[in-house]
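Below you'll find the structure, written out as structure tokens, and then a few comments.
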Number of protein chains: 2
Amino acid sequence: MLTRTAIAPINAKELSRRLPRPGQDINTIMGAVELMGVRMSYARNEEVFGQGEAAEYIYKVVSGAVRICKILDDGRRQVIAFHMPGEIFGLEVEEDHRFSAEAITDAVILVVKRSTVLALAARDGHIANQLWALTTQDLQRVQNHMLVLGCMNAKQKVATFLLQMAKRRCTSDEIELPMPRQDIADYLGLTIETVSRTMTQLENAAAIGMTTSRRIVLRDRAALVQLNA
Amino acid sequence: MLTRTAIAPINAKELSRRLPRPGQDINTIMGAVELMGVRMSYARNEEVFGQGEAAEYIYKVVSGAVRICKILDDGRRQVIAFHMPGEIFGLEVEEDHRFSAEAITDAVILVVKRSTVLALAARDGHIANQLWALTTQDLQRVQNHMLVLGCMNAKQKVATFLLQMAKRRCTSDEIELPMPRQDIADYLGLTIETVSRTMTQLENAAAIGMTTSRRIVLRDRAALVQLNA
DNA sequence: CGATCGCTTGATTCCGATCAACAGGAGTGG
DNA sequence: CCACTCCTGTTGATCGGAATCAAGCGATCG
């Protein structure tokens with residue numbers, strides 16, 4: 001069953017009384033979201049927002065993971081991006097969301113009114129700059145992903161993906177993939193079978209180890225890096 | 001031979017004396033670039049800026065066309081975007097260009113100091129907003145292109161590309177492609193042969209007509225649109 | 001316990017890449 | 001002017017990687 005629950009709504013008037021805590025600086029987007037955000041809980045596979053919906057809020061992942069995706073008319077799906085804890089998503093300049101966002105696992109997400117953030121940005125050039133920087137970061141990620149989609153073969157795609165995940169999770173060489181194979185496939189422009197086969201190949205080549213299908217150990221980073229050389 | 005020539009540098013002090021003309025409002029990015037920009041001339045295939053170079057300027061295409069691309073270590077190339085007359089490119093938040101830009105045809109390009117524009121943005125929230133909007137527009141284009149690269153087959157890719165070009169050039173149903181087949185191929189994640197073959201197929205299917213290899217007539221838009229359904 | 005779900009593996013097909021040749025201009029120089 | 005080369009684009013033949021179709025396996029759950 002899908003459940004969405006507000007956990008700890010914060011009274012706006014209470015904000016000024018709060019002492020600043022690390023990472024909760026009202027002069028940064030991240031801090032502002034922490035301070036003003038309402039914690040919401042989403043079940044696995046629950047939609048956070050849908051294609052075409054009004055972009056009323058912006059979001060920050062507290063725990064769990066989120067996928068941004070687009071379903072084409074014929075049912076094919078492209079996963080545009082994954083978002084991990086600490087990352088902001090759903091920021092739009094226009095009024096509507098162009099993609100949908102879904103919780104990959106059960107997730108806790110901070111939700112803030114977009115209008116509130118835009119009002120902050122209008123008063124404070126630094127905040128406005130940070131919004132721009134967030135968009136730029138998204139742009140860079142997507143541009144990098146274009147190289148993956150346009151230039152790489154299956155093995156290179158999967159290797160790049162695993163390295164990317166390891167980097168973002170900062171957990172040295174052991175990664176816990178929150179998403180199923182189908183999400184990885186739709187992210188990399190492959191089929192689920194090809195993703196599965198390729199990971200088996202990488203395991204047989206001793207480049208990675210798989211404790212379970214979701215727990216991956218990077219055994220030979222050099223080999224993985226060399227693939228996208 | 002590659003030539004780069006400044007055509008009509010504009011004295012900054014002279015700006016205030018100029019009467020505002022249509023599209024030359026100092027309160028818009030576009031207008032500011034028109035007013036402050038130095039017209040530069042680039043020869044076909046000349047580099048406007050290179051990967052890793054300092055992002056000192058931002059650019060607006062006056063005439064001709066520009067490709068933004070990335071060369072991978074092994075020589076493969078991904079064309080990230082094409083820029084047509086009227087469009088701004090080369091805007092970066094960070095200090096360096098992550099991609100290179102090259103003139104596809106002989107081109108005239110307005111060049112403005114990035115620092116000048118950023119200074120304008122710091123004083124004027126509207127300008128800052130427009131910078132953000134420009135980045136957002138790039139982001140949306142690239143996100144759309146991800147769907148092309150990740151989900152479509154060759155025929156769909158080429159059809160989508162042609163429709164896109166027709167839309168941007170606003171020349172009803174006849175388009176003059178400024179770029180060679182190789183650029184299209186690297187943009188769509190295909191080979192030059194596949195692009196060529198696919199266009200021939202579309203011609204045989206009476207979906208398009210080719211006066212020359214660069215002049216395309218869209219004969220059956222419905223058929224083209226239906227391909228990416 | 002059967003049922004469903006996520007993943008893997010096998011067999012076969014097919015689309016696009018690759019290798020190769022050629023055609024039509026455009027520009028160059030004798 | 002023609003012969004030449006260079007460049008771009010087209011076409012053909014073949015190959016290979018990923019998609020597709022199909023089956024099976026282990027885990028979780030009602």
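Computed from a predicted model, the values in this text were never measured in an experiment.
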Output the rounded distance in Å from [atom1] ([X]) to [atom2] ([N]).
| X | N | atom1 | atom2 | answer |
| --- | --- | --- | --- | --- |
| A:K157 | D:dA19 | NZ | P | 7 Å |
| A:Q182 | C:dC7 | CD | P | 9 Å |
| A:D183 | C:dG6 | CG | P | 10 Å |
| A:R44 | D:dT28 | CZ | P | 12 Å |
| B:R214 | C:dA26 | CZ | P | 12 Å |

Among the nucleotides [options], which one has an atom lying closest to any side-chain atom of [X]?
| X | options | value |
| --- | --- | --- |
| B:M210 | D:dT10, D:dG9, C:dG16 | D:dT10 |
| B:T194 | C:dT18, C:dG16, D:dT10 | C:dG16 |
| B:R197 | D:dT11, C:dT8, D:dA19 | D:dT11 |
| A:L190 | D:dA19, C:dT9, D:dG9 | D:dA19 |

Is any side-chain heavy atom of [Y] closer than 4.5 Å to one of [X]?
| X | Y | result |
| --- | --- | --- |
| A:L72 | A:Q78 | no |
| B:F82 | B:R67 | yes |
| A:E47 | A:E53 | yes |

Review point. Which is true for A:S196 with a 4.0 Å heavy-atom rule: it touches a base, it touches only sugar-phosphate, or it touches nothing?
Key: base
Practice item. Identify whether any heavy atom of A:T191 sits under 4.0 Å from a base atom; if not, whether one sits that close to sugar-phosphate; answer base, sugar-phosphate or nothing. Key: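 Here A:T191 touches the bases of the nucleic acid.
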**Study point:** 5' priority, DNA chain D, between A:A154 and A:E193 [closest heavy atom]
**Key:** A:A154
Practice item. For the pair A:R169 and A:E174, find out whether any cationic side-chain nitrogen is under 4.0 Å from an anionic carboxylate oxygen. Key: no
